[in-house]
A.B. asks: 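I'd like to ask some things about the structure below.
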Amino acid sequence: MNEYTAAAIDHFTSPRNVGAVDPPDGKGSDANPSCGDRTTITIRVDDGRVAEARFRTFGCTAAIASASALTELATGRSVEDATALAPFDVLHALGGLPSRKEPCALMAVGALRAALLDVRVRTGEGGAFGPGGPLPPQPTEPQGQQEPAQTKSAPGAGMR
Amino acid sequence: MNAATRVYLDHAATTPVAPEVAEAMARVLRETHGNPSSVYAEGRAARALVDQAREEVAAALGASGSEIVFTSGGTEADNLALRGTFAARMGDGDGIVTTAVEHHAVLDTAQDLADRLHARLVVLPVDRHGRVSVSQVTAALDERTVLVSVMHGNNEVGTLQPIAEIGAACRASGVTFHSDAVQTVGAVPFDVGSIPIDLVSVNAHKFYGPKGVGALYVRRGTRLVTLQTGGGQERGRRTGTENVAGIVGLGVAMRLAAERRASEAARQTRLRDRLFEGIFERVPGALLTGHPTQRLPNNASFCFPGTQGEALVVALDLEGFAVSSGSACTSGNTEPSHVILALGIEREVAQGSLRLTVGRDTTEADVDALLEALPPIVARLRSISAEPALR
């Protein structure tokens, strides 16, 4: 009927976890500057696990389906496991997206990672840049000044 | 929803082939295999069909047969008009004037002439309804200008341009005037006897003819250089063996369109206005795009802030409606349409554009079904996006 899988259409027509956790333990956004689509994810964390994740998306079918699927994947996971969720996991949950729509999965992951980072910062457990306290001043060029592990996850880890 | 109950509201993209057209084309394919350039009976039979179609197209435009050049469609007609004129008038000047809301077949061709052949290109802005004024065009003309190209009816927002007045200004300045009338020929009256115009692009599949065939009207005496060289068909202006079946289809489609134009234009205008009223009544914040009255009879186009066009199109497709959005969603990008942006609409609002275009087969029940289906979809997408303006 169209270029999307049944799973993607299901997430699009009956999106899970629309809205915002209020007040959130963590909040993150990511956007695709080339098209103006954007997603915000808010989460509540209990005992180091994502107890609730909600999203808002202004965007296309793929952007909405990706955010919906990702909030499902994140719920119940430890903060560490949730941080490891990647665009591949979203695509897997959706049974794939048209190739030109794959950046939409990346945007959802970027928003979630930003929300999880926000949790760490708020709880003083250390942000992405090491234990203990708030983020140091942001380097203008992210490459080279971060720990290698963080540099690897930089694509999609939107802090915009 | 199954195929039988689908509602097609995208007649600006293309129209279904009229049964009479399909029948005439099938007959040509079955019975007339000759090459129109051959002198024996089979060739002469094919030539007669091409000539008859040429007369039908000419008659509908108020032109004479020798002024019609058959092409592969609207894009080729636009390319032939722009490139052919620019090459033919090279000694006269290098200036081309066009508008920001043209189809890419004109806009990108003009840009290509500027990039590669150093044409001096002026792209005129439009007002918030998508109209360009005669005074804007006049102000842009100077001794270097050789060609003005202004479309007749806009394919996305339906706005009609004052081409008769623009044509008169061009004629007074000795400038060749072209109009892409792909959306209007067959839909609204177009008479080259009353419009001072040199070149007009026509496309069969916009008025219930086949895809892959169109025409360029070339007023007698207009200088034009061919884009391709070969056997010299179409008086050397578009060489290559004629697409006989397609040309016959174009001729029949043009004749039918002319016969039905008056009654269909009135009927489709009523359906279009029913869409306007219904949508403004049922969808809060709906924004009309294009001119409220100076527009194509079949075009109802909008922006719905807080939604994104591709999502609207997919959601409506799932409910059985075929519609279009101005945002072309490619390579992960949903670039808002250049036309909607040219109206001065904010980028984010422009993303939520939707174009509904009715046609011969559209009924009041189809329109009412759309009016039922659309409001909850807009509401759902807005609840997902929760854009600040709409909270």
Side-chain angles (χ1 to χ4, degrees), chain A residues 1-6 8-22 27 29-42 54-69 71 87 91 97-108 110-111 156, chain B residues 1-6 303-337 340-341 345-354 373 376-391:
Chain A
M1 184 165 187
N2 57 53
E3 58 181 349
Y4 292 105
T5 63
I9 287 298
D10 185 49
H11 276 283
F12 171 61
T13 54
S14 314
R16 279 60 130 183
N17 306 313
V18 172
V21 177
D22 189 23
K27 178 176 181 175
S29 294
D30 200 0
N32 183 342
S34 64
C35 64
D37 285 7
R38 59 180 174 276
T39 286
T40 298
I41 292 181
T42 46
R54 295 196 167 271
F55 80 95
R56 293 220 185 269
T57 294
F58 172 77
C60 64
T61 306
I64 291 169
S66 295
S68 171
T71 54
L91 296 174
L97 284 173
S99 57
R100 67 173 203 281
K101 291 290 190 178
E102 288 181 3
C104 301
L106 187 66
M107 180 172 73
Chain B
M1 192 167 266
N2 61 43
T5 56
R6 286 193 61 88
C303 285
F304 301 109
T307 71
Q308 199 264 22
E310 189 262 10
L312 286 169
V313 170
V314 171
L316 282 165
D317 181 30
L318 290 167
E319 300 207 18
F321 297 90
V323 302
S324 268
S325 169
S327 2
C329 204
T330 50
S331 54
N333 300 350
T334 324
E335 279 296 321
S337 115
I340 312 276
L341 291 177
I345 292 173
E346 206 186 322
R347 205 174 172 79
E348 187 162 310
V349 174
Q351 276 191 281
S353 72
L354 189 73
I377 289 171
V378 172
R380 182 169 65 79
L381 293 176
R382 282 174 172 174
S383 77
I384 295 170
S385 72
E387 286 305 303
L390 298 151
R391 254 181 224 153

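Convention: sequence-line order gives letters A, B, ...; per-chain numbering from 1. All of these numbers come straight from a predicted model, not from anything done at the bench. Note that these values count all heavy atoms, side chains included, but never hydrogens, waters or copies made by symmetry.
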A.B. asks: Quick one: CG on Asp37(A) to CD on Gln351(B), what's the gap to the nearest 0.5 Å?
C.D. replies: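 If I round to the nearest 0.5 Å, the distance is 5.5 Å.
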A.B. asks: Please classify the contact between Ile9(A) and chain B as side chain, backbone, both or neither, with a heavy-atom cut-off of under 4.5 Å.
C.D. replies: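 Side chain only.
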A.B. asks: Looking only at heavy atoms, what is the nearest atom pair of Gly59(A) and Ala311(B), with distance?
C.D. replies: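 For Gly59(A) and Ala311(B), the tightest heavy-atom pair comes out as O-CB, 3.8 Å.
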A.B. asks: Between Arg380(B) and Pro15(A), what is the shortest heavy-atom contact and its length?
C.D. replies: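 Looking at all heavy atoms of both residues, the closest pair is NH1-CD, 4.3 Å.
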A.B. asks: Identify which part of Tyr4(A) has an atom lying under 4.5 Å from any heavy atom of chain B, answering side chain, backbone, both or neither.
C.D. replies: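 For Tyr4(A), side-chain heavy atoms alone lie under 4.5 Å from chain B.
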A.B. asks: Within the 4.5 Å heavy-atom criterion, are Leu381(B) and Phe58(A) side-chain neighbours or not?
C.D. replies: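 No - every pair of side-chain heavy atoms lies 4.5 Å or more apart.
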A.B. asks: Could you tell me the separation between the OG1 atom of Thr13(A) and the CG atom of Leu318(B), rounded to the nearest 0.5 Å?
C.D. replies: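 The distance works out to 7.0 Å.
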A.B. asks: Between Glu310(B) and Ala62(A), is there a donor-acceptor pair closer than 3.5 Å when you use the side chain of the first and the backbone of the second?
C.D. replies: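 The answer is no, because no donor-acceptor pair under 3.5 Å joins these two groups.
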A.B. asks: Check salt bridge (Lys or Arg N to Asp or Glu O under 4.0 Å) between Arg347(B) and all other residues, then give those that pass, not counting sequence neighbours.
C.D. replies: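 Expected list: Glu335(B).
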A.B. asks: Ignoring hydrogens, what is the shortest heavy-atom contact between Ser385(B) and Arg56(A)? Give both atom names and the distance.
C.D. replies: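 Looking at all heavy atoms of both residues, the closest pair is O-CD, 3.9 Å.
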